[in-house]
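Convention: sequence-line order gives letters A, B, ...; per-chain numbering from 1. Please read all numbers here as calculations on a predicted model, not as lab measurements.
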Amino acid sequence: MSSKKVRVRFAPSPTGGLHLGGVRTVLFNYLFAKKQGGEFILRIEDTDQTRFVAGAEEYITETLRWCGLEADEGPHKGGAYGPYRQSERKPMYREYAEKLIAAGQAYYAFDTPEELEKMRGQYKTAENPSPQYGHGLRDKMRNSLSLSAEEVNRLIGEGVPYVVRIKMPEGETVTFNDMIRGDVSFNTSLVDDKVLLKADGMPTYHLAVVVDDYLMKISHAFRGEEWLSSAPVHVLLWQYLFGLENMPQWAHLPLILGPDGAKLSKRHGNKYGFPIFAMNWTDPRTNDFTEGFRERGFLPQAFVNVLALLGWNDGTDQEVFTMEELIERFDLSRVNHSGAIFDFEKAKWFNQEWIKRLPAASWQPEVKALFEKAGITIADEAQFTRVLELVKDRCALLSDFIPQADFFFRTPATVDVAAIKPKWNDQKQQFFAELIRQYELLQQWNHDELEKEFKEMAAAHQLKPGDLMLPLRIMLVGGKFGPGVFDIAAIIGKEATIQRIKHTLQLVQA
RNA sequence: GCCAUGUUCGUCUAUCGGCUAGGACACCUCCCUUUCACGGAGGAGAGACGGGUUCGAUUCCCGUACGUGGUACCA
């Protein structure tokens with residue numbers, strides 16, 4: 001076992017966008033595999049044809065690409081263990097289902113959905129709100145255990161639809177060692193006879209995950225904690241089909257929760273106003289839109305960083321990690337056991353850290369696109385870089401660059417005159433009127449010259465520079481924010497500076 | 001209901017029997033900054049409850065409570 005090549009897989013169902021929890025599962029898979037020099041496989045679990053959603057698979061692939069978590073094998077790039085879509089592997093599953101039936105470990109069941117519903121209604125009580133199709137009730141249903149062999153053959157011969165269900169043994173204990181939780185045990189009497197092969201011939205997740213993990217030589221299987229309850233079914237299947245010695249090691253990851261403590265869902269995003277999905281997603285059937293972290297203005301490095309620290313830490317106080325560091329430090333034994341509530345404020349902090357750490361060039365194209373979308377054309381890339389470096393400490397999201405820097409490229413739409421007026425007087429009016437004249441004469445239009453001239457003039461007018469800089473800032477920026485005023489004046493140039501001062505002077509007088 | 005799993009500041013977490021319980025986000029105060037941030041210094045803020053085991057429990061065991069997940073021909 002230990003000498004086996006590490007092969008892990010992420011096996012999403014292509015039913016919509018990928019949310020935080022899904023991406024974190026990918027991350028932990030990826031980090032674990034890369035640290036051991038193993039392989040990371042993407043497998044599409046599209047066994048439910050009624051839930052197929054166009055574009056979902058492409059969305060998943062693109063999300064992994066954006067996050068820098070690309071698979072070594074998968075439907076988009078092939079590999080030695082394909083196909084990587086379960087719908088394309090359909091013929092492979094039946095033989096295993098038949099094998100289980102032959103061994104008496106599974107059986108045919110002919111109950112229609114209506115009959116199942118009726119059974120649940122009939123046996124439902126206050127103490128047992130969800131009766132199970134298991135050892136207690138299977139004799140009362142229509143299956144190859146309760147029916148005679150002739151009857152079963154006749155039904156199958158007539159083409160009556162059927163499913164294959166696992167026959168859960170009675171009174172046995174199934175135990176397996178979870179890499180995160182340690183030994184976990186289940187009493188098989190309390191697990192129902194899960195459907196393995198559906199009436200349409202497709203396997204359910206339970207059969208498919210076992211067969212494909214075996215066929216694809218998966219060594220370690222990571223999934224969310226919501227799967228823990230069905231683990232005994234999978235363990236039994238491994239025992240029956242391929243031998244426990246070949247079973248991958250399981251790791252059930254703690255869930256990511258919403259602010260109310262329930263498993264994170266799209267609902268939380270709508271309710272609390274933060275993204276849930278990695279990227280924007282619009283459901284093609286309902287047109288239901290869900291915002292993504294990418295479009296909200298997150299850097300992939302930050303997004304990955306946030307996810308890594310939700311349920312894991314390296315034991316030190318370090319919180320900002322590069323992908324290389326994560327791969328190096330990641331250790332399953334340091335993954336928490338309990339679910340973690342997602343905190344959007346903290347996520348923004350991570351993003352801000354990454355914006356500050358990375359050179360502007362690495363995210364400049366994204367920000368430039370945002371500016372152009374806002375109607376601001378960037379002509380001079382070098383100057384744009386200078387502006388971005390100047391304001392980046394003030395931005396937690398890439399979208400923050402627009403309000404923090406648009407005034408470098410266009411006249412402020414509104415000027416906060418109300419912040420100037422109360423302390424305005426004739427002396428200041430005269431000061432700025434002359435400042436315009438002096439600035440027009442200035443030969444060297446740079447930060448130092450602008451400041452020098454400004455201060456000399458303030459002294460000449462017997463005014464305190466501090467009382468004049470805020471008005472100047474508001475004239476140039478429109479409000480009380482932004483980097484140094486003379487930096488701004490230097491960058492926007494003589495013409496714009498003078499024009500903005502003149503414009504505000506008129507507003508103040510009005 | 002049953003099964004599984006979990007429970008340290010508001011949130012993410014450290015602690016693998018010695019704790020005056022540490023850090024980060026958010027919050028508050030101050031400094032820096034003639035704006036806003038960034039940065040710096042402080043502050044407030046936690047071991048669900050009850051039993052054991054132990055010289056000593058946040059750490060180990062049991063019980064209770066509460067949370068979450070599961071209980072589909074969905075994954």
Side-chain angles (χ1 to χ4, degrees), chain A residues 11-15 45-48 50-51 109 111-113 116-117 120 124-134 161-165 178 180-181 184-187 189-192 194-206 208-209 223-232 252 254-255 257 259-263 306 309-320 333-334 336-350 352 356 391-396 400 404 419 458 464-474 477 479-485:
Chain A
S13 158
T15 51
E45 308 235 342
D46 54 349
T47 53
D48 187 350
T50 65
R51 297 212 306 165
D111 318 277
T112 63
L116 289 174
E117 203 175 318
R120 292 195 181 103
K124 186 171 158 179
T125 60
E127 303 80 54
N128 183 13
S130 36
Q132 297 189 316
Y133 196 127
Y162 63 86
V163 301
V164 174
R165 308 185 88 110
D178 186 90
I180 291 174
R181 277 151 231 281
V184 183
S185 298
F186 297 84
N187 178 347
S189 296
L190 300 168
V191 181
D192 62 342
K194 288 266 182 272
V195 169
L196 264 21
L197 203 67
K198 301 188 257 193
D200 64 0
M202 284 292 265
T204 58
Y205 173 83
H206 306 295
V209 72
R223 66 200 341 186
E225 195 187 351
E226 70 266 32
W227 290 108
L228 199 49
S229 310
S230 45
H252 290 89
L255 263 19
L257 281 13
D260 60 2
K263 185 164 82 161
V306 168
L309 271 285
L310 263 186
W312 173 86
N313 71 83
D314 78 340
T316 73
D317 285 341
Q318 185 175 345
E319 295 200 274
V320 178
S333 72
R334 293 205 62 89
N336 280 184
H337 297 191
S338 51
I341 294 177
F342 174 69
D343 181 358
F344 186 57
E345 291 306 315
K346 183 82 184 248
K348 282 199 294 194
W349 175 80
F350 273 107
Q352 185 166 18
K356 284 192 295 192
V391 303
K392 70 178 188 179
D393 283 350
R394 295 166 174 76
C395 301
D400 291 339
Q404 288 297 337
K464 283 186 282 187
D467 293 337
L468 299 165
M469 282 174 71
L470 187 65
L472 176 61
R473 160 176 304 283
I474 292 170
V477 175
K480 293 190 271 189
F481 61 94
V485 247

Main chain of [Y], side chain of [X]: is a donor-acceptor contact present, judged purely on distance under 3.5 Å?
| X | Y | answer |
| --- | --- | --- |
| A:Asn128 | A:Lys124 | no |
| A:Arg165 | A:Leu196 | no |
| A:Thr204 | A:Val195 | yes |

Expressed in angstrom and rounded to an integer, what is the separation of [X] atom [atom1] from [N] atom [atom2]?
| X | N | atom1 | atom2 | answer |
| --- | --- | --- | --- | --- |
| A:His337 | B:U5 | NE2 | P | 12 Å |
| A:Arg394 | B:G39 | CZ | P | 12 Å |
| A:Leu468 | B:U35 | CG | P | 13 Å |
| A:His252 | B:G69 | NE2 | C1' | 11 Å |
| A:Glu226 | B:A75 | CD | P | 13 Å |
| A:Arg51 | B:A75 | CZ | P | 7 Å |
| A:Leu310 | B:C12 | CG | C1' | 7 Å |
| A:Ile341 | B:U7 | CD1 | P | 13 Å |

Between [options], which nucleotide has the shortest distance from any of its atoms to the side chain of [X]?
| X | options | result |
| --- | --- | --- |
| A:Glu127 | B:G1, B:C74, B:U5 | B:G1 |
| A:Pro465 | B:C25, B:U34, B:U35 | B:U34 |
| A:Asp393 | B:A37, B:A26, B:U35 | B:A37 |

Mind checking [X] for me? I need base, sugar-phosphate or nothing, with any heavy atom below 4.0 Å counting as a touch.
| X | result |
| --- | --- |
| A:Gly484 | base |
| A:Phe350 | nothing |
| A:Ser185 | sugar-phosphate |
| A:Ser13 | sugar-phosphate |
| A:Ser338 | sugar-phosphate |
| A:Asn187 | nothing |
| A:Val477 | nothing |
| A:Lys464 | nothing |
| A:Arg334 | sugar-phosphate |
| A:Ala340 | sugar-phosphate |
| A:Gly482 | base |

| query | Should the ring pair A:Trp227 and A:Tyr205 be called parallel, tilted or perpendicular, given that the plane angle runs from 0 to 90° and is split at 30 and 60? | reply | parallel
Quick one: look up who [N] pairs with, Watson-Crick or G-U, both distances under 3.5 Å, and put none if it's unpaired.
| N | value |
| --- | --- |
| B:C27 | B:G43 |
| B:C32 | none |
| B:A48 | B:U64 |

| note | Comparing nearest nucleotides in RNA chain B, the 5'-proximal residue of the pair A:Lys356, A:Pro483 is A:Pro483
| Can A:Glu345 and A:Lys348 be counted as an ion pair, charged N to O under 4.0 angstrom? | yes
| said: Please determine whether a side-chain nitrogen of the Lys or Arg among A:Lys263 and A:Glu225 lies less than 4.0 Å from a carboxylate oxygen of the Asp or Glu. | reply: no
| Has the side chain of A:Ser230 got a donor or acceptor that lies under 3.5 Å from a partner of the other kind on the base of B:G70? | no
| Counting only distance, no hydrogens or angles, is the base of B:A24 paired donor-acceptor with the side chain of A:Lys346 under 3.5 Å? | yes
